[in-house]
Amino acid sequence: MLKATLRSFLAHKGRLLLSALAVVLSVAFVAGSLIFSDTVTRTFDRLFASTSADVTVSPKNDLDSQIPTGATPTLPASLADRLAKVDGVAAAHVDAAVENLTIVDRGNESVGPTSGAPTIATNWQPSERSPVKLTSGHAPHGAGEALLDADTADRKHIRVGDTLTVQAQPGTFEVRIVGIATFTTTNPGAALLFLDTPTAQTRLLGGTAAATSISLDAAPGVDDAVLKQRVAAELGTKTYDLKTADEQAKDAAAQLGGFLDVIKYVMLGFAGIAVLVGVFLIVNTFSMLIAQRTRELGLLRALGADRRQVRRSVLTEALLLGLVGSTLGLAAGIGLALGLIKLMTAFGMNLKSTEMVIGWGTPVASYVVGVGVTFVAAYLPARRAAGVSPMAALADAEVAGLGRPLRVRGVVGSVVGLAGVAAFGGCVAASKTSTAGSLLGLGVVLTLVATVIAGPLLVRPVIKVLGGAFPALFGSVGRMSQRNALRNPRRTGATASALMVGLALVGGMSVASASMSKSFDQQIDKTLGADFVIQNSNFVPFSREVTDKVRGTDGVALVVRQRFTPVAVRLPDGKRIETTAAGYDPRLDDVAHLTYAEGDTAAALGQGHLAMDAKFAREHGVRVGGTVPVEFPAGRHADLTVTALTDQESAEGFGMQGGLYVGFATIEKYVPGGQDSTLYVNATSGTGADQLRSRLEKTLEPYPQVQVRDQADYKKLVHDQIAVLLYLVYALLGLAIVIAVLGVVNTLALSVVERTREIGLLRAIGLGRRQLRRMIRLESVVIAVFGAILGLVLGLVWGVCVQQVLALQGLTAFAVPWRTIVAVVVGSAVVGIVAALLPALRASRMNVLAAIAHE
């Protein structure tokens with residue numbers, strides 16, 4: 001049996017190749033994501049471990065915000081002298097490092113990275129732990145000198161002697177580059193500017209009395225943990241955060257972990273789609289191979305092989321396929337990881353391919369996925385093979401699926417489908433986003449499974465309609481192609497399911513993104529009353545001088561500032577919720593149209609007052625006139641009076657839970673030194689919008705990172721952000737289509753082999769090569785369009801339910817992107833034509849007499 005199995009596998013290796021490609025793709029994405037994330041993690045672990053001080057003292061920060069606030073937490077620089085006297089401290093260094101700044105060159109272009117990595121200005125204090133070393137020029141001395149990292153200098157063609165402009169929170173100043181510092185470790189992609197310590201404190205923090213942290217070097221023989229305990233005894237832990245080198249490295253790695261998780265989960269999403277679609281392909285392939293080998297399997301049974309041996313034989317073939325696919329997939333995954341490393345290098349993160357990490361978990365995961373998928377997918381066909389009777393050796397090979405009723409599939413599919421519909425019903429009726437999201441996920445899984453199970457039942461009615469015009473358009477060739485697609489509903493349904501999965505995903509996300517875009521458009525139209533909105537291109541707050549310059553621009557009648565701060569509120573129901581609050585200037589009503597359930601803008605923006613979303617207030621028992629304890633950064637506390645409740649129906653998200661906002665006087669009192677995130681600008685009467693825009697853009701020329709947007713620009717910005725998610729879905733669709741094409745090619749190729757004698761007879765009675773190719777192409781097109789229609793209908797249902805979940809976040813509009821839907825259907829027909837090219841060509845080249853004599 002083993003010898004027969006190996007011979008069978010080698011005999012069908014060409015037919016199994018396409019199935020192996022699905023395994024290769026899924027394993028490649030799994031292996032590639034693991035290798036890449038392990039490599040980045042190991043590289044940065046080394047960086048953080050080698051550059052962290054023995055003990056770091058930094059300002060206490062119990063609050064975190066997803067929205068940049070522009071405020072730089074500081075502590076007294078005099079702490080360095082105090083801590084230098086602590087037993088076990090060899091040296092104490094003042095750190096002055098900020099990220100809330102912009103650096104521009106003589107051409108008025110930002111020298112910062114475009115990859116999302118930060119631009120950092122810090123004080124120059126070389127040590128063994130420094131991530132850079134001076135490689136040309138000299139160290140900075142005095143207010144007008146600075147060093148620049150070599151990577152940024154090369155990328156922006158900056159040389160020693162060039163002048164740069166630094167736009168920091170305290171103000172703008174110029175520096176001359178007097179030296180270049182080269183990274184000795186991995187460059188995480190940041191741009192680094194170094195000043196001497198007094199200049200860094202003065203220019204970046206507003207004075208030499210402030211520092212961002214104090215770095216402590218331990219004396220020889222003093223453990224970091226012991227030194228931390230001694231420093232804690234001196235300072236306490238209520239005002240300052242104390243971290244050892246290991247803790248600092250772990251904290252930095254945890255922050256990097258969020259970035260890595262995004263990449264890892266995206267790639268694992270691709271792997272999941274490849275696995276899901278590949279299952280259909282493998283099931284279909286093995287089912288057809290077993291159908292074609294019915295006589296062979298029957299002969300084995302007649303010679304004495306029992307059911308278990310036959311089943312084991314088929315599963316062994318699947319195991320071999322999985323091993324081959326997993327091995328090739330692992331090799332492809334290494335190549336994919338190498339490509340990602342090169343891509344990250346192009347974006348400025350200089351990873352070394354020679355330091356690629358392939359942990360033991362990567363090959364284990366690769367083989368578990370590859371072998372597991374093929375083994376599971378081949379199990380049902382293997383059971384079917386075991387049921388072949390010895391008498392089948394004496395009969396013609398039957399076509400799998402013929403003569404077997406689909407009633408069981410119909411019953412099971414209906415039950416699962418009804419459960420999915422019930423889950424969707426619960427999703428629509430739910431009042432909490434978390435509950436609705438869970439029910440949505442359950443409904444998606446159940447309806448997908450139901451459609452796959454019951455899909456063959458839909459083959460006959462749907463394909464009769466889709467191919468109804470074929471006889472009229474293509475004559476007998478069209479009629480035969482339609483009947484070929486109807487001949488085996490199970491096979492047609494399984495082939496179409498591979499394409500259905502990807503298109504269902506695209507349909508659902510397209511509806512969701514179109515609904516989000518329309519909802520945001522409506523909200524912008526409804527709430528934005530300003531002529532222009534001025535923001536940083538990356539939403540990072542800008543220096544106060546930008547606000548002053550905008551206010552001084554001719555034709556500007558009103559400027560309303562917006563500033564954010566992280567807060568924590570203690571609510572009457574006992575919950576403590578960390579969120580982000582916004583602060584506004586008093587004339588907010590002139591630039592925004594706000595709807596209030598209680599109170600008004602004047603009450604909301606008063607000193608010591610607070611406004612919040614009415615729904616949030618109801619959920620937590622907050623009433624107008626009540627007092628809410630609020631925690632601000634740096635340990636500041638205030639009891640604010642709730643004086644207004646808004647009823648905006650706007651999405652919370654982005655860390656803005658509760659819709660909290662206060663007056664500018666309140667935010668400046670409790671969060672001094674912050675920066676403005678947005679300016680809402682209105683023109684004077686008699687000044688046209690185009691005229692004011694031109695003046696504002698001229699005013700802001702020295703600040704290339706700051707953008708002037710009107711309502712249309714703001715809508716486009718939102719649409720572009722939503723499109724990023726859609727592009728990911730389209731990439732998933734592309735992968736699903738690639739595998740689906742493989743599935744259609746495989747099905748048609750095996751179908752051509754199965755119908756060899758039939759094709760020979762058709763050719764013998766006058767069917768031309770061109771007509772034969774057309775027949776197979778039409779069969780492929782109708783199968784592909786059938787899968788597209790199933791997927792899009794399913795996707796539209798998913799999209800409707802996703803929109804109901806979004807409505808709980810205030811995104812109430814609903815839209816269907818009909819152009820996308822039509823384009824997908826047309827594209828599916830093209831996919832069908834492409835997939836049929838090779839099988840049709842092979843069929844047309846058959847020798848007629850050899851085909852008639854084929855068994």
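Quick note: numbers below take in every heavy atom, side chains included, and nothing from hydrogens, waters or symmetry partners. From a predicted model like this one, the values you see are computed outputs, not experimental measurements.
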Within-4.5 Å side-chain heavy-atom neighbours: [X] and [Y]:
| X | Y | result |
| --- | --- | --- |
| Phe616 | Ile577 | yes |
| Thr102 | Thr119 | no |
| Val231 | Tyr240 | no |
| Arg563 | Glu668 | yes |
| Tyr680 | Thr678 | yes |
| Leu806 | Ser519 | no |
| Asp713 | Arg693 | yes |
| Leu660 | Val662 | no |

Look at [X] together with [Y] and state whether they make a salt bridge at an N to O cut-off of under 4.0 Å.
| X | Y | result |
| --- | --- | --- |
| Asp521 | Lys715 | no |
| Asp224 | Lys228 | no |
| Lys156 | Glu109 | no |
| Arg230 | Glu234 | no |

Roughly how far, to the nearest 0.5 Å, is [atom2] of [Y] from [atom1] of [X]?
| X | Y | atom1 | atom2 | value |
| --- | --- | --- | --- | --- |
| Ser213 | Leu79 | OG | CG | 11.0 Å |
| Leu808 | Thr433 | CG | OG1 | 4.5 Å |
| Asp600 | Leu605 | CG | CG | 9.0 Å |
| Thr199 | Phe194 | OG1 | CZ | 14.5 Å |
| Asp531 | Asn682 | CG | CG | 4.5 Å |
| Asp590 | Leu558 | CG | CG | 5.5 Å |

Point to revise | Asp639 side chain to Thr627 side chain, donor-acceptor N/O pair below 3.5 angstrom | key: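 The answer is no; no qualifying pair exists.
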
Test item: [X] side-chain N/O and [Y] main-chain N/O as donor-acceptor pair under 3.5 Å:
| X | Y | answer |
| --- | --- | --- |
| Asp676 | Thr547 | no |
| Gln167 | Pro702 | yes |
| Gln201 | Ala210 | yes |
| Asn123 | Ala96 | yes |
| Gln711 | Leu528 | yes |
| Glu545 | Thr172 | yes |
| Thr641 | Thr643 | no |
| Glu247 | Thr244 | yes |
| Thr666 | Gly608 | yes |
| Asp149 | Leu192 | yes |

Practice item. Check the pair Val132 / Trp124 against side-chain contact (heavy atoms from CB on, under 4.5 Å), numbers first and verdict last. Key: CA-CA 10 Å; Val132 296; Trp124 174 253; 3.8 Å; yes

Can you give me the closest heavy-atom contact between [X] and [Y], atom names plus distance?
| X | Y | result |
| --- | --- | --- |
| Thr699 | Val550 | CG2-N, 4.4 Å |
| Ala644 | Ala604 | CB-CB, 3.8 Å |
| Gly112 | Ala191 | CA-CB, 4.3 Å |
| Gln607 | Ala665 | OE1-CB, 3.3 Å |
| Ala683 | Thr687 | CB-O, 3.9 Å |
| Asp196 | Gly142 | OD2-N, 2.6 Å |

Exercise for review: Check the pair Lys250 / Asp246 against salt bridge (charged side-chain N to carboxylate O under 4.0 Å, His left out), numbers first and verdict last.
Suggested key: CA-CA 6 Å; Lys250 288 178 181 177; Asp246 287 343; over 6 Å; no

Practice item. Please test Glu174 against Leu164 for side-chain contact (heavy atoms from CB on, under 4.5 Å), starting from the C-alpha separation and ending with a verdict. Key: CA-CA 6 Å; Glu174 288 189 349; Leu164 300 178; over 6 Å; no

Check your understanding: Picking from Glu578, Arg570, Arg636, what satisfies side-chain contact (heavy atoms from CB on, under 4.5 Å) with Glu631?
Key ->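 It is Arg570, the one option of Glu578, Arg570, Arg636 that forms the side-chain contact (heavy atoms from CB on, under 4.5 Å) with Glu631.
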
Check your understanding: How about Arg623: does its CZ atom have over 12 heavy atoms from other parts shown lying under 6.0 Å from it?
Key ->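 No, not enclosed.
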
Review point. Taking it one step at a time, do Gln125 and Asp95 satisfy side-chain contact (heavy atoms from CB on, under 4.5 Å)?
Key: CA-CA 9 Å; Gln125 47 184 20; Asp95 300 322; 2.8 Å; yes

Exercise for review: Could you walk me through whether Ser543 and Gln675 pass the side-chain contact (heavy atoms from CB on, under 4.5 Å) test, one step at a time?
Suggested key: CA-CA 6 Å; Ser543 62; Gln675 291 180 290; 4.1 Å; yes

Exercise for review: Go through the structure and list residues passing ring pair (Phe, Tyr, Trp, His ring centres under 6.0 Å) with Tyr661, not counting sequence neighbours.
Suggested key: Tyr584

